[in-house]
Asker: 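Below you'll find the structure I mean.
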Amino acid sequence: MGSIEHLLLLDELLKKEEDYERATYSRSLRVDNISGRVCEADCKYPITINGSGYNALNQLILTISYEPDGEELENDFEPGQPATFFYLSSDGTSIVELPHLCFVDSYKEGVLQLQLPNKASLASLQAKADSSLIGVRAAIDDTSYRVMHDSLRAVMRSSDEKFVRLRETLIGNIRPRFRQLPPVSVPWLNASQNDAIRKVVAAMDVAIVHGPPGTGKTTTLVEAIFETLQRETQVLVCAPSNAAVDWISEQLSKRGLNVLRIGNPLKMSDEMLACSYERRYADHPDYPELWNIRRTLRDASASKPSHERQNQLRRLRKRQMELEIKINADLFEQASVVSCTLIGSAYHIMEHRHFGTLFIDEAAQALEPACWTAILKADRVILGGDHNQLPPTVKCVEAARNGLANTLMQHISRNKPECVTLLDIQYRMHRDIMEFPSRWFYHGRLHAAPEVADRQVHIMDTPLTWIDTGSRNATTENDERETVSFVSDLNGNGERKNRTGSISNSDEAKLVVHTLRDYVDMIGLERIVNDNVDFGIISPYRAQVRLIRRLLKMQRFYRRIRQQVSVHTVDGFQGQERDVIIISMVRDNDEGQIGFLGDLRRMNVAITRARMKLIVIGNSETLSKHRFYNALFEHFQQHGEVLYSKI
């Protein structure tokens, strides 16, 4: 497939994803889908209006509250997310959306603050709330789809010789070029990290820093950016999410680089607000004059000025434009790093900006159309990430199956392997935890750094434990295998599916809680507290995570270490690590159906969160019908311990 055909297909698949999301949004507004939605990630109903006021940016903020129905696991109401209000029609047969689009300002469980467009929208909301129940739900972000479609078309239309060569190098048949340069060496980095930096500096078109878990990908990218800035005056740094942009931007700021963070301040971390375009703009020495001119012009618009006054206002408007251009130019000229999301690179203040080098962090989680949005602004591209961890989010199965879930980083790695440097020393996991993902996902090329290779929570502990819930392993009186005995005090018969399709396993959830307590007792509660040993409990299924969280809350034993225990889905643990990880596999059936567990990249993430201890709880009979889990179970048998549970 040629590059243009590839891009046309991407555009078509992106449209399928957009149509799917719109259809899902419309279906979710049916009356039968609204009841009981109060704790869903994207919908809160009913809500109560608590009050309104203005924030530091003089924006009208509405505060609402709702009663959570249980613990909220995931949340779509991220700062900056568009949202709409709705209510039930008078006859109760349909959902009516109010016309006011608002944006999330802040969120915490039970309370939402939203930025409203004007006082009129506030008045109509209050009036509607006085007469009927209202709700709020996350809206579709039309801007992202429009930007990606426009970017793909611009990539296809481009006749710029330099850009066409870059396009054909990335997705066509042109081979990447590399300069011959004196070797670069950073003393505090290891050999593979230095190799990656040398390739980044030498690349004329593209280079990839492939960073498996714990290998210091961000550290390497920061140093690669620093080295690039010895040869260029400014670089563009992007990532698919605001959280990822903020993280690498923080590290670059700590390295002493001047970072200008572009984007909606509502979506930035508190640490990065000081680097935001808006904050830097307001702190510019010429801003007070500009502010006074703007205030004068606003006041003058309320009355009809005299001829002499009109001439004065024209001079003020001219001065206003001069100041705006000067402040904007100063901010960009002073910055050595401009950072934003991939979609944010199309922000209006980025128009006509061009960069020698674009760095894309977490490129393995980025939709390819989003990557092209930023690539349009650069002469060469450096990608960092790991395509063996979490993929991009694609909701439409057909679009994902036909290629939208495949990333640009995957495509280049497969077709242009000379661009790729694998970071092969990891600084997180005990060698026994690392060995299986290294063999399965990274061709056995990962090595544990000496300082972590044999690190354990307790000298008498083993880094790997599988607690097998399979019925074939039921013990007899003469069985010498070690057994974990756990008597169920709640009804539970294997896996169960809830109304949203998520699966839980109540007996296994109770076994997780029991296992955690046994482990804490073995190590000693005082030592756990004093050494701040932290625990992560992971399940691929949201329903199981909710169940485990409820069970933990019921146990007074865990109150002292509540802040040291995190329970979440695999996605919730991306980029994190814990001393001890417990994975609840959930699936328990005779057919060997593993469903969501078939996404092995997610299981790679789950396994590699553990520093010193990994405990897997699951039915080996069900799981071992899959080649990956059969190999994983054998790894635990050979390098750790397998205990058998009677639940």
Side-chain angles (χ1 to χ4, degrees), residues 162 165-167 169-170 174-212 215-240 244-245 247-249 251-257 259 335-340 342 345 354-366 371 374-375 377-387 407-426 445:
K162 185 182 289 188
R165 180 182 177 89
L166 178 60
R167 182 189 71 198
T169 302
L170 297 180
I174 295 179
R175 305 311 300 181
R177 302 165 297 167
F178 295 90
R179 304 179 185 90
Q180 293 296 322
L181 295 173
V184 176
S185 182
V186 181
W188 53 87
L189 298 184
N190 64 44
S192 65
Q193 291 170 331
N194 272 303
D195 286 344
I197 291 176
R198 284 191 282 271
K199 184 157 287 187
V200 166
V201 172
M204 299 176 67
D205 309 293
V206 60
I208 291 177
V209 179
H210 183 183
T215 55
K217 169 186 61 73
T218 301
T219 299
T220 305
L221 282 178
V222 166
E223 294 303 326
I225 291 167
F226 188 86
E227 287 298 327
T228 300
L229 287 169
Q230 308 308 304
R231 298 157 178 81
E232 302 175 17
T233 57
Q234 190 177 73
V235 298
L236 176 62
V237 176
C238 293
V245 175
W247 172 247
I248 192 167
S249 296
Q251 307 313 305
L252 290 166
S253 293
K254 291 176 182 176
R255 188 67 174 86
L257 298 176
V259 178
S336 53
V337 176
V338 177
S339 67
C340 58
L342 293 163
S345 64
H354 199 81
F355 303 84
T357 303
L358 162 67
F359 286 83
I360 303 179
D361 193 14
E362 302 299 349
Q365 293 185 56
C371 290
I375 294 170
K377 296 187 173 295
D379 294 329
R380 69 184 193 122
V381 186
I382 310 301
L383 303 107
D386 180 13
H387 43 268
T407 66
L408 184 61
M409 181 174 170
Q410 280 178 287
H411 181 87
I412 299 169
S413 297
R414 182 171 56 249
N415 296 299
K416 315 281 172 65
E418 64 269 36
C419 296
V420 183
T421 304
L422 176 75
L423 306 182
D424 58 14
I425 306 293
Q426 65 85 20
R445 293 176 60 188

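The structure displayed is predicted, hence computed values, not measured ones.
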Asker: Check for a donor-acceptor pair, side chain of Arg175 on one end and backbone N or O of Thr169 on the other, with a separation under 3.5 Å.
Answerer: no
Asker: Closest approach of Ala378 and Leu358, non-hydrogen atoms and distance?
Answerer: CB-CB, 3.5 Å
Asker: Between CG of Asp379 and NZ of Lys162, what distance do you get to the nearest 0.5 Å?
Answerer: 4.0 Å
Asker: To the nearest 0.5 Å, how far apart are CD in Glu418 and CD1 in Ile412?
Answerer: 10.5 Å
Asker: Give, for atom CZ of Arg380 and atom CE of Met204, the distance between the pair rounded to the nearest 0.5 Å.
Answerer: 10.0 Å
Asker: Just so I know, are the side chains of Val337 and Phe359 near enough to count as touching, which here means a heavy-atom distance under 4.5 Å?
Answerer: no
Asker: Quick check: does any side chain N or O of Glu223 sit under 3.5 Å from a backbone N or O of Thr219, one acting as donor and the other as acceptor?
Answerer: no
Asker: Under the rule for side chain to side chain contact (heavy atoms under 4.5 Å, CB included), what residues qualify as partners of Asn194, not counting sequence neighbours?
Answerer: Ser185, Val186, Leu189, Arg198
Asker: Taking Lys199 for its side chain and Phe178 for its backbone only, find out whether a donor-acceptor pair lies under 3.5 Å.
Answerer: no
Asker: Output all residues satisfying ring-ring contact (aromatic ring centres under 6.0 Å, His included) with His411, sequence neighbours left out; order by chain, then residue number.
Answerer: His6
Asker: Sub-3.5 Å donor-acceptor pair from the side chain of Ser339 to the main-chain atoms of Val245, do we have one?
Answerer: no
Asker: Which value, rounded to the nearest 0.5 Å, describes the distance between Ile248 atom CD1 and Leu252 atom CG?
Answerer: 5.0 Å
Asker: Taking all heavy atoms of Ala363 and all of Thr407, pick out the closest pair and write down the distance.
Answerer: O-CB, 4.1 Å
Asker: Of all the heavy-atom pairs spanning Met409 and Ala364, show the shortest one and how long it is.
Answerer: SD-N, 3.9 Å
Asker: Which distance, rounded to the nearest 0.5 Å, do you find between the CG of Asp205 and the SG of Cys419?
Answerer: 8.0 Å
Asker: Of the non-hydrogen atoms in Leu423 and Gly211, which two are nearest, and what is the gap between them?
Answerer: CD1-CA, 4.1 Å
Asker: What's the shortest heavy-atom distance between Leu229 and Ser336, and which atoms?
Answerer: CD2-O, 3.5 Å
Asker: Could you grab the distance from atom CD of Gln426 to atom CG of Asn190, nearest 0.5 Å is fine?
Answerer: 11.0 Å
Asker: Short question: side chain of Gln234, backbone of Ala335 - any donor-acceptor pair under 3.5 Å?
Answerer: yes
Asker: So do the side chains of Arg177 and Arg165 get within less than 4.5 Å of each other, counting heavy atoms only?
Answerer: yes
Asker: Find out whether Asp386 and Lys217 are in side-chain contact, i.e. whether some heavy atom of one side chain is under 4.5 Å from a heavy atom of the other.
Answerer: no
Asker: Just so I know, are the side chains of Leu408 and Ile375 near enough to count as touching, which here means a heavy-atom distance under 4.5 Å?
Answerer: yes
Asker: Would you check if Ile197 and Thr220 make a side-chain contact, meaning some heavy-atom pair closer than 4.5 Å?
Answerer: yes
Asker: So, do Asp361 and Gln251 sit near enough that their side-chain heavy atoms are less than 4.5 Å apart?
Answerer: no
Asker: Might you work through the side chain to side chain contact (heavy atoms under 4.5 Å, CB included) test for Ser413 and His210, ending with a clear yes or no?
Answerer: CA-CA 9 Å; Ser413 297; His210 183 183; over 6 Å; no
Asker: Quick one: does Leu236's side chain get under 4.5 Å of Cys340's, heavy atoms only?
Answerer: yes
Asker: When you compare the side chain of Leu422 with that of Arg445, does any pair of heavy atoms fall below 4.5 Å?
Answerer: yes
Asker: Decide side-chain hydrogen bond (donor to acceptor under 3.5 Å, both in side chains) for Thr421 and Asp195; before the verdict, give the C-alpha distance in whole Å, the side-chain angles of both, and the deciding distance to 0.1 Å.
Answerer: CA-CA 7 Å; Thr421 304; Asp195 286 344; over 6 Å; no
